Amino acid sequence: MTTTIIRTIFILILVSGIMFLLGFIKIHNPDVSFESSDGRWGDSEVQLKGRDYSVIEEGFRRYKLQCNASDVYLVRNTEKNWINVLA
């Protein structure tokens, strides 16, 4: 009886720890996608590969210059993560 209870508690702690770590990784490494307001350009962040918002901004600036699209703006496609307000 006590072995079963200890085993159950251990499994619950293990599963909770794994879920916490996965949530921690997702909160600190959110991948967000963006597109231009005209829908002709799009790109995504991939935090683990070093593609952050500055890379997206630079690509969008080049798109605006090369395509002479000065009136377009950058639109975020991914929903905001309200748990991590900085994402």
Side-chain angles (χ1 to χ4, degrees):
M1 178 86 172
T2 42
T3 307
T4 306
I5 293 172
I6 292 172
R7 190 178 298 163
T8 304
I9 291 172
F10 176 76
I11 290 172
L12 286 173
I13 291 171
L14 182 66
V15 169
S16 298
I18 291 171
M19 290 178 69
F20 174 77
L21 287 175
L22 290 175
F24 185 76
I25 290 169
K26 187 62 179 171
I27 287 172
H28 290 298
N29 291 318
D31 293 334
V32 181
S33 63
F34 297 90
E35 71 176 23
S36 62
S37 58
D38 62 1
R40 295 183 177 170
W41 178 90
D43 203 352
S44 298
E45 291 181 340
V46 182
Q47 297 291 331
L48 295 175
K49 293 184 177 181
R51 292 186 53 79
D52 59 1
Y53 186 71
S54 62
V55 174
I56 304 298
E57 277 186 316
E58 182 60 34
F60 184 65
R61 280 192 208 108
R62 279 185 302 201
Y63 164 73
K64 286 174 67 171
L65 290 173
Q66 290 174 354
C67 297
N68 196 21
S70 59
D71 57 338
V72 298
Y73 52 92
L74 193 59
V75 178
R76 178 181 171 142
N77 291 339
T78 309
E79 287 185 32
K80 290 191 177 186
N81 182 352
W82 295 108
I83 295 171
N84 183 3
V85 295
L86 301 175

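This is a predicted model, so every value here is computed, not measured. Excluded from the calculations below are hydrogen atoms, water molecules and symmetry mates; all remaining heavy atoms, backbone and side chain alike, are included.
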Side chain proximity check, D43 to R51, heavy atoms < 4.5 angstrom: yes

Transitive ILVMFWY side-chain link I13 to I5, under 4.5 Å: yes

Separation between CD of E57 and CG of D52, rounded to the nearest 0.5 Å: 9.0 Å

Interatomic spacing from OH in Y73 to CD in E35 - rounded to 0.5 Å: 10.0 Å

Straight-line distance of C67 SG to R62 CZ, nearest 0.5 Å: 11.5 Å

Nearest atoms (heavy-atom pairs only) where L74 meets F34: CD1-CB, 3.8 Å

Side-chain heavy-atom pair I11, T8 within 4.5 angstrom cut-off: no

For W41 against I56, the heavy-atom pair lying closest together: CH2-O, 3.7 Å

CG/N77: more than 12 non-hydrogen atoms of other groups inside 6.0 Å: yes

From CD1 (I9) to CG (L14), nearest 0.5 Å: 13.5 Å

Close side-chain approach of F60 and V72, heavy atoms under 4.5 Å: yes

Minimum-distance pair of heavy atoms, taken over all atoms of T78 and S33: OG1-N, 2.8 Å

